[in-house]
Amino acid sequence: MAEAAQFQGMTTSPARRRLRRAAALLAGAPVLAGLLWLPTASPAEAASASETVDVALSSLSPSAPVKGDTLTVSGTVTNTGKKAITGAEVELRVGPRLSGRPHIDEASKATGYTPGSDAKALGGPYRVTIDRLASGISQDFTLSVPVSKLDLGRAGVYQLGVSLSGRTAGDDHDQVLGIERTFLPWQPESAGKKTQLTFLWPLVSTTHLSAETGSDEQQTPVFENDVLAAELAAGGRLEQLVSLGSGLPITWVVDPDLLATVDAMTRSYEVRTETGDTVPGRNQAVAKRWLNSLEQAVQDRPVVALPFADPDLASLAHRGKDVSGSLSHLQPATAVAETTVETILHVKPSTDFAWPVEGAIDPSIVDVATSAGAHNIIARSDSLRETGSVSYTPSAARPIGGGTTAVVADARLSKAFYGDLSQAGDSTRAIQQFLAQSLALTQQAPNAQRSIVVAPQRMPTAAQVQSMAKALQGLADQRWTQPLDLIGASEATPDPDATTRVPAASQYPKDLRARELPVQTFQDIKGTQETLDNFKVILTSPDRVVTPFGNAINREMSTSWRGKAGVAAQYRNGVQSYLKDLTTEVRLIQKSALTLSGRSATIPVTVQNKLVQSVDNLVLRLKSSNPTRLKLDDGSVVAEQPIKIDGGHSQSVKFAADANANGPVQVTAQLYTEDGKLYGGPMTFTVKASEITPTVMLVIAGGVLLLVLAGVRMYTQRKRAAAREAAATGGAGDETDGRTVSDTSEQPSDPTPDTAPESADPSGAGEKVDR
């Protein structure tokens, strides 16, 4: 009609034309909307749908590809939903290049599929089709694609995703039902300035040896259990550390106690059972193989020895230093560490490094660590934090004053292998994140070469060891890193802008402080050490006792006891109890009451030594509770005599005694060491003094004289009577040379003492003492 009107010469106003145009737009809007509508989901709905399928990546090879490589990704998809999935496709998605370490951290936390943020699928032939995936069913997949098809740009870290798309019953369109992301380091050529990478390889275990040893010449050791054998056997944690570490550019960090324990296993040893008995250990062959393999692996390689038994430096600093004598154990533990490693592995280790738990330090920990002679402390960057003056990760070495260097391990790289890595998917994720972080670190300052240290967990599991080894193998071509040992890292030129301020005690992590060894640990150690010091002075072969108990005391301070308060206390109590049992093997034999008949006599006291070795440097003191009534050794109140007894023997020591009055007297016998310290408990017995006065003696003497005279008279009378009888009969007795020989009567022997001088048996009731 408009065209007709115009054709007819008719015109319309501009306002009317605008009104018509608006009406037309409104009328056509529903039709246009119907033509353009597409089935889309909100981000929340998409994320929910993308969690229907669990995608796990079991391997990615090569982990850091170069030009010309073919990337192969293997894994498993599992339908965790309630409905079957049809028309599914597993595809690769190569995301954008990540600009730095914080972006890698952020990307690693992402879950679920996010439209618009996640990259498009690679598509084409590089996909796997699954017609139907029932609920609860898993299916493996492998995707292979030439690196040239990934459209990677310049060197850096790229996000790589593997997704499953499909539809479930009731859906009329495909959507992403599951996705797993990882990282793809891309450095096709060697970097200009490679990062010097130091990777610590810890050989540390829990405490297995008790303080108890056999009484034989070899001092057969007694193990608390036999679980160490499983760690040393093929596939075990310690076996994997040695077999995989032997071919890697690492620095061995060794607890000498582990070496000493395994070395003890190579010979005869006993294992304590749950009932407290012991049975022969039977894993000598396993221990020998492991030690031989380790000895070969460390030859001409850097070895760092921790103080013996890996003492908990933070616990010593925060809870032990106020208990006298606690810090005195560190210096000997460091000294014995060097000797142990040299003796068993035949290499000279460095003992100049201290390693606090989790690399967390404060001023008191630094003081304790350096008190044993260490000049380098292995810290971690989440403890010695940067203040913001450096825009990149600085070199590890930091001078912190007093000639001490903090070797600061990178926290991200050091914690990359924490957690349960027994599943292939978790292991692959850890490996790729480690490689990505190391490349991103290098690219922070590509023109400045830095020295970076990785300090993983002290006792990694076998799965964690395998993951660490694969990650280091991924760096083997040295495209952006090159190996450096820990000694070299500690001597590297420090970054002048890096922080050197040791954090205050208030900044020490609360969770670490809560797991520290309690004060009671160090009080128990003090008591055990005092008992040992008092015991060793009487021994003729003190090393047979000092060495096993000294090592046991070091083990009581071990870092491995963290979080195991009950078991740790049980171990300490066992050490102390066994030591006390040994000290009681040298003891006084209890005596019953004695009767002292007369003014002067000797009192025997028996000392027994049930130890294998002889004892010396002991003094036995005897004290009268009433010196007026009973004096010892020419009038002394206290008498003493030195004691020396062979192993397995007893000695009866005699003391002279004088009684001045009748009545019972308490006498106390006590052993002392030569320096005057008490040894064992006192032994008290009663001496019943029964003095004979001069008047009584005269009466007795008169009576005896009368008896003698009477006997002489009777003898004379009998002789005369016999003579008269012989004369009357005209006979005579037997004659020899004209002399008469009478029958000779047997002379009585000296009376036997009631108590033998050397008897080790207790005295009987009413025992009389030799005068």
Side-chain angles (χ1 to χ4, degrees), residues 204-211 224 255 257 306-334 336-337 354-374 377-379 383 458-459 502-536 546 548-580 583 677:
V204 180
S205 186
T206 56
T207 296
H208 299 283
L209 264 177
S210 71
E224 295 286 350
D255 175 9
D257 179 35
L306 300 173
F308 192 92
D310 187 21
D312 191 334
L313 302 177
S315 295
L316 272 166
H318 297 156
R319 308 189 183 195
K321 67 179 181 181
D322 294 332
V323 179
S324 62
S326 295
L327 297 183
S328 65
H329 298 283
L330 280 181
Q331 191 75 42
T334 301
V336 75
W355 190 10
V357 174
E358 299 288 343
I361 61 173
D362 62 22
S364 62
I365 295 175
V366 172
D367 290 343
V368 167
T370 56
S371 68
I377 301 175
I378 303 170
S383 177
R458 255 178 165 77
M459 289 187 282
V502 176
S506 59
Q507 295 177 274
Y508 189 80
K510 293 181 179 179
D511 61 325
L512 293 182
R513 192 181 292 272
R515 299 201 304 270
E516 289 177 347
L517 306 182
V519 175
Q520 187 62 47
T521 296
F522 304 100
Q523 292 173 342
D524 291 346
I525 289 173
K526 179 183 178 182
T528 301
Q529 185 64 57
E530 290 175 347
T531 304
L532 179 61
D533 291 341
N534 204 26
F535 185 41
K536 69 182 182 182
V546 172
F549 278 100
N551 291 341
I553 289 173
N554 287 332
R555 293 182 185 110
E556 293 177 359
M557 296 188 295
S558 175
T559 300
S560 66
W561 294 119
R562 282 202 168 208
K564 305 174 183 177
V567 181
Q570 184 178 354
Y571 181 82
R572 295 194 307 271
N573 293 337
V575 172
Q576 178 71 1
S577 176
Y578 179 57
L579 179 58
K580 286 184 176 179
T583 62
K677 294 180 180 179

Which heavy atom in [X] sits nearest to a heavy atom in [Y], and how many Å separate them?
X	Y	result
Pro356	Ile365	CG-CG2, 3.8 Å
Arg555	Ser210	NH1-O, 4.3 Å
Ile525	Met557	CD1-CG, 3.2 Å
Leu532	Gly550	CD2-N, 4.3 Å
Tyr571	Leu209	OH-O, 2.8 Å
Ala354	Ala369	CB-CB, 3.7 Å

Is it true that a side-chain atom of Asn573 and a backbone atom of Ala569 form a donor plus acceptor pair closer than 3.5 Å?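 Present.
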
Sub-3.5 Å donor-acceptor pair from the side chain of Ser577 to the main-chain atoms of Gly574, do we have one? no

What distance separates [X] [atom1] from [Y] [atom2], expressed to the nearest 0.5 Å?
X	Y	atom1	atom2	answer
Asp310	Asp257	CG	CG	9.5 Å
Asp367	Asp362	CG	CG	9.0 Å
Asp255	Ser560	CG	OG	8.0 Å
Glu556	Leu517	CD	CG	10.5 Å
Tyr508	Ser383	OH	OG	8.5 Å
Arg562	Leu512	CZ	CG	6.0 Å

More than 12 non-hydrogen atoms from neighbouring residues, nucleotides or ligands closer than 6.0 Å to CD on Gln520, yes or no? yes

Run the numbers on Asn551 and Phe308 for side chain to side chain contact (heavy atoms under 4.5 Å, CB included), then give the verdict. CA-CA 8 Å; Asn551 291 341; Phe308 192 92; 3.8 Å; yes

Return a table of donor-acceptor pairs under 3.5 angstrom between the side chains of residues 320-331 and protein atoms on other chains or two or more places apart.
| unit_1 | atom_1 | unit_2 | atom_2 | d |
| --- | --- | --- | --- | --- |
| Ser324 | OG | Lys526 | NZ | 3.1 |
| Ser326 | OG | Gly320 | O | 3.0 |
| Ser326 | OG | Val323 | O | 3.0 |
| Ser328 | OG | Gly325 | O | 2.4 |

Using the rule given for side chain to side chain contact (heavy atoms under 4.5 Å, CB included), can you reason through Arg319 versus Arg513, listing the C-alpha separation, both sets of side-chain angles and the distance that settles it, and then say yes or no? CA-CA 10 Å; Arg319 308 189 183 195; Arg513 192 181 292 272; 4.1 Å; yes

Does the side chain of Arg572 pick up a donor-acceptor pair with the side chain of Thr528 at under 3.5 Å? no

Any donor-acceptor N or O pair under 3.5 Å, side chains Gln529, Asp533: yes

Does the side chain of Trp355 reach to within under 4.5 Å of the side chain of Arg458, using non-hydrogen atoms? yes

Is there a side-chain contact between Gln576 and Asp524 (heavy atoms, below 4.5 Å)?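 Not touching, per the 4.5 Å side-chain cut-off.
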
